[in-house]
Amino acid sequence: MSTSKAAVASGSAEPSILEEKTESSMLKTPLAAPVSSSSVPEKPVITADQQSKYDRLLNRVKAWTEVHSAKGKGGPLTDSEKMWLTRECLLRYLRATKWHEKESEKRLLETLTWRREYGVEELTAELVGPENATGKQVILGYDKQCRPCHYLNPGRQNTDVSPRQVQHLVFMLERVIELMPARQENISLLINFKQSKDRSNTAPGIGQGREVLHILQTHYPERLGKALIINVPWVVWGFFKLITPFIDPLTREKLKFNEDMTQYVPKEQLWEEFPGGELQFEYDHDVYWPALQKLCAEKRAEQLRRWEAGGKQIGEKEDYLKGHDAQGVSPPPGYASEASTQDGVTN
């Protein structure tokens with residue numbers, strides 16, 4: 001068994017499925033981990049040249065002291081922003097720019113500015129909660145490569161077009177990233193355009209579609225693993241034809257329409273609304289929403305504790321933050337913290 005598979009198997013969610021079901025055998029909360037049969041593929045080893053480019057980028061990023069903004073949001077680099085700048089984050093931007101160091105640095109700075117100006121860290125469950133009252137977005141289960149599954153259900157749309165709809169998507173993207181297991185950096189989007197009695201047109205507007213696409217491609221690069229799409233009506237096909245020119249070629253290759261979803265997601269963790277799925281799940285906002293926030297808050301707190309224990313490093317390893325690696329990057333000389341002492345980390 002590979003290291004990645006062993007790590008996943010030890011945290012299998014199979015027993016918890018039963019624990020989280022209600023008396024009616026209907027699951028109403030998120031699943032905490034993939035099934036034991038799922039595993040994360042081994043990552044390609046970066047070349048010596050790529051490592052040199054990463055090292056140079058890291059040194060430049062470590063020299064940053066503030067985030068600039070033309071909208072009055074500038075100021076010193078915060079701890080949460082330093083924590084966001086992990087080793088894997090820098091590598092994602094390098095891959096997205098085909099290992100162009102200056103372009104990677106430029107895009108990283110632009111994303112930090114966007115996160116400030118958009119208020120990513122200020123988005124709250126209370127603010128966007130009304131958008132999810134009908135379960136139009138659900139984070140539930142994991143695919144066969146341990147990517148968390150993020151379901152989009154346009155037929156459950158319950159609000160008119162507004163900035164809060166996009167804020168809702170960004171909020172959920174941040175949560176799905178928090179639920180990624182160690183060694184996995186990607187998500188699976190599962191989009192069901194099935195119409196409902198209250199919603200016959202499930203196609204998003206072109207303007208909003210372009211805005212969302214820009215955010216995903218610009219500020220969440222290298223995050224999409226697969227987009228599995230079913231029940232596509234002709235109106236939505238028209239939308240995809242209009243939006244396709246704005247989708248980069250690598251992203252287009254990840255879009256799968258009306259395929260057998262059990263090729264990608266274990267049937268026991270695939271929502272039964274998708275063909276072949278056996279996971280009985282019912283969206284109950286009063287149950288699911290607080291359960292999701294609690295699970296994510298616990299993961300955030302643990303990652304913050306480990307980041308502080310490791311010396312609050314820019315370029316920290318995500319596998320260390322998520323508990324897979326016992327040791328992170330070397331802390332700065334003389335660094336000590338209460339958390340590192342409790343972990344038995346010597347400096």
**OP:** Verify side chain to side chain donor-acceptor pair (under 3.5 Å) between Thr97 and Ser104, making sure each step is shown before the conclusion.
**Re:** CA-CA 6 Å; Thr97 58; Ser104 298; 2.6 Å; yes
Original post:
Is it true that atom NZ of Lys43 has more than 12 heavy atoms of other residues, nucleotides or ligands lying nearer than 6.0 Å?
Top reply: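 Yes.
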**OP:** Kindly check if the number of other-residue, nucleotide or ligand heavy atoms within 6.0 Å of NZ (Lys73) is above 12?
**Re:** no
Carboxylate-amine/guanidinium proximity below 4.0 Å for [X] and [Y]:
X: Glu178; Y: Lys299; result: no
X: Glu222; Y: Arg95; result: yes
X: Arg183; Y: Glu42; result: yes
X: Arg107; Y: Glu103; result: no
X: Arg223; Y: Glu185; result: no

Original post:
Which of parallel (below 30°), tilted (30 to 60°) and perpendicular (above 60°) describes His214 and His219?
Top reply: perpendicular
Original post:
Parallel under 30°, tilted from 30 to 60°, perpendicular over 60°: which one fits the rings of Trp289 and His285?
Top reply: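 Rings of Trp289 and His285: parallel, under 30°.
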Original post:
For the salt bridge (Lys or Arg N to Asp or Glu O under 4.0 Å) test, which of Arg115, Arg116, Lys312 pairs with Glu81?
Top reply: Arg116
Do [X] and [Y] pair up side chain to side chain, a donor and an acceptor below 3.5 Å, judged on atom types alone?
X: Thr159; Y: Gln157; value: yes
X: Ser52; Y: Asp49; value: no
X: Trp64; Y: Glu105; value: yes

Original post:
Is the cationic atom of Arg56 (NZ for Lys, CZ for Arg) positioned less than 6.0 Å from the six-membered ring centroid of Tyr54 and within 45 degrees of its normal?
Top reply: no
**OP:** Give a yes/no verdict on a cation-pi contact between Arg306 and Tyr320, requiring under 6.0 Å between NZ or CZ and the six-membered ring centre and an angle within 45° of the axis.
**Re:** yes
